[in-house]
Amino acid sequence: MTTPGHESPAGNSAQSTGSQGVAATHIGTLTQNIISMGTSPVAGWLLLVPVCFVVVCAVLDWPPAGFEGQAGWFTLFLLFLTAAALGAVRHLTRPGAAARRKNRAGNEPSKEHAPRLLWVPLASLLFSLLSWVSFEALADNSQVAVNIEIVGAQPLDGVQRRTLTLIVAAPAAEDRRDRLRLALTISEENPAKPACVHRARATITARTASVTPRMESVPARSERDFALGTRGTPVEFTLDVTSDSRCPMRLEKALGTLHNG
């Protein structure tokens with residue numbers, strides 16, 4: 001007998017068991033639906049959506065300098081993107097294999113074979129994500145060409161001690177990098193005279209406090225790397241040329257490239 005207002009332990013146990021059974025049934029149904037969707041041929045077409053998305057984004061946002069200096073990220077991007085596309089195609093071309101694996105009792109793949117049918121679409125999604133991450137890393141570390149303003153009078157020689165100022169404007173937020181590669185081309189003012197550029201030397205001095213090294217002595221045609229220290233700020237250098245007084249020089253080119261090393 002049970003007293004009024006109190007339920008028997010057996011009744012509570014039955015209700016608990018019934019609730020657990022309903023929850024288990026719902027979970028099983030949901031799991032079966034997910035497996036059915038993941039193993040259907042339609043999923044193969046859906047797997048091509050992230051692949052196409054990555055391709056379109058890569059085409060629209062491809063760095064102007066390409067993958068120069070970023071061969072590792074570029075290789076990973078291609079490998080992951082190819083693997084994602086092959087996974088989607090593989091899933092599209094296997095509906096017959098999926099049908100042969102259906103059990104005798106119904107129209108759904110058996111629990112024994114379900115994981116085997118799901119690993120291809122899951123792997124394709126993972127590779128699509130990895131290809132996107134690789135492309136973002138490639139874009140964030142790509143080299144960026146920058147304009148250099150040359151201020152000062154030319155020609156240059158070791159007598160008049162003329163100094164040029166090289167000004168690198170602050171880059172856009174997406175183009176900020178850790179280092180600047182500065183390439184200089186200094187040649188004779190009068191090309192008709194005998195060549196003497198091999199005797200010329202240039203001294204590059206950083207006027208921006210965060211830039212290192214502070215000073216570099218380089219030949220007339222040279223390329224040097226500078227650590228910027230602070231990203232996103234204008235950078236200034238001075239350039240002094242030491243040469244024979246009978247052979248004045250001219251700075252023909254000053255090219256700058258931002259990169260992350």
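Given the structure is predicted, the values throughout are model-derived calculations rather than measurements.
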Candidate pair Glu252 and Ser187, rule side-chain hydrogen bond (donor to acceptor under 3.5 Å, both in side chains), full reasoning:
CA-CA 7 Å; Glu252 285 190 0; Ser187 60; 2.5 Å; yes

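- A donor-acceptor contact shorter than 3.5 Å links the side chain of Asn141 to the backbone of Ala137.
- Between Leu239 and Leu251 there is a side-chain heavy-atom pair separated by less than 4.5 Å.
- For the residue pair Leu48 and Ala88, the shortest heavy atom distance occurs at CD2-CB, 3.5 Å.
- What you find for Gln70 and Ser142 is that their closest heavy atoms are CG-CA, 4.2 Å.
- The backbone N or O of Ala145 sits nowhere less than 3.5 Å from a side-chain atom of Thr257 that would complete a donor-acceptor pair.
- Aromatic rings of Trp132 and Phe80 (six-membered ring for Trp) have centroids beyond the 6.0 Å cut-off, not under it.
- Put simply, Ile150 and Val241 are part of the same group of oily side chains (I, L, V, M, F, W, Y) that touch within less than 4.5 Å, one to the next.
- Across Val235 and Thr208, no two heavy atoms sit closer than the pair CA-OG1, 3.4 Å.
- Of all heavy-atom pairs spanning Ala220 and Val197, the tightest one is CB-CG2, 3.4 Å.
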Might you work through the side chain to side chain contact (heavy atoms under 4.5 Å, CB included) test for Leu79 and Thr75, ending with a clear yes or no?
CA-CA 6 Å; Leu79 287 177; Thr75 301; 4.0 Å; yes

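- Note that CG of Asp61 is 7.5 Å distant from CD of Glu136, once rounded to the nearest 0.5 Å.
- No close placement of the Phe135 and Phe74 rings is indicated, their centers lying 6.0 Å or farther apart.
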Should Arg177 and Val144 be marked as a side chain to side chain contact (heavy atoms under 4.5 Å, CB included) after you check the CA-CA gap, both sets of side-chain angles, and the distance that decides it?
CA-CA 8 Å; Arg177 301 293 187 267; Val144 180; 3.7 Å; yes

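- The closest donor-acceptor contact from the side chain of Arg201 to the backbone of Ser217 lies under 3.5 Å.
- Heavy-atom minimum distance, Cys247 versus Ser243: O-OG, 3.4 Å.
- Linking Ile, Leu, Val, Met, Phe, Trp and Tyr residues whenever their side-chain heavy atoms come within less than 4.5 Å leaves Val133 and Phe77 in two separate clusters.
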Do Leu180 and Val211 pass the side chain to side chain contact (heavy atoms under 4.5 Å, CB included) test, and can you show the C-alpha distance, the side-chain angles, and the key distance before you say yes or no?
CA-CA 9 Å; Leu180 171 69; Val211 176; over 6 Å; no

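- Side-chain contact between Arg181 and His259 is present, with at least one heavy-atom pair separated by less than 4.5 Å.
- Of the residues listed (Leu76, Leu86, Val51), the one engaging Leu81 in a side chain to side chain contact (heavy atoms under 4.5 Å, CB included) is Val51, and it is the only one.
- Residues Thr203 and Asp240 bring no donor and acceptor atom of their side chains to less than 3.5 Å of each other.
- Cluster annotation: Leu228 is not connected to Met215 through the hydrophobic network of ILVMFWY side chains, with a link wherever side-chain heavy atoms come within less than 4.5 Å.
- Arg199 contributes atom CZ, which lies 13.0 Å from atom OG1 of Thr242 (distance to the nearest 0.5 angstrom).
- A heavy-atom distance below 4.5 Å is not found between the side chains of Arg176 and Leu258.
- Counting only heavy atoms from C-beta outward, the side chains of Leu182 and Val168 never approach each other to under 4.5 Å.
- Rounded to the nearest 0.5 Å, atoms OG1 (Thr82) and CZ (Phe127) are 10.5 Å apart.
- Put simply, the side chain of Arg207 reaches to within 4.5 Å of the side chain of Thr238, judged on heavy atoms.
- Arg214 and Thr205 form no side-chain donor-acceptor contact under 3.5 Å, judged by distance and modelled atom types alone.
- Remark: Arg250 CZ to Leu164 CG distance equals 9.5 Å, nearest 0.5 Å.
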For Glu188 and Met249, run side chain to side chain contact (heavy atoms under 4.5 Å, CB included): C-alpha distance rounded to whole Å, both residues' side-chain angles, the deciding distance at 0.1 Å, then the answer.
CA-CA 5 Å; Glu188 296 91 345; Met249 297 287 139; 4.0 Å; yes

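- Leu129 and Leu46 are members of different hydrophobic clusters when ILVMFWY side chains are connected at heavy-atom separations under 4.5 Å.
- Considering only heavy atoms from C-beta on, Ile167 comes within 4.5 Å of Val151 through its side chain.
- When every heavy atom of Pro219 is checked against every heavy atom of Arg224, the shortest pair comes out as CD-NH2, 4.2 Å.
- The side-chain heavy atoms of Leu125 and Pro50, taken from C-beta on, include a pair separated by under 4.5 Å.
- In the hydrophobic cluster analysis, where Ile, Leu, Val, Met, Phe, Trp and Tyr join through side-chain heavy atoms closer than 4.5 angstrom, Leu138 is grouped together with Val55.
- With hydrogens and angles ignored, the 3.5 Å screen pairs a side-chain donor or acceptor of Asn260 with a backbone N or O of Asp178.
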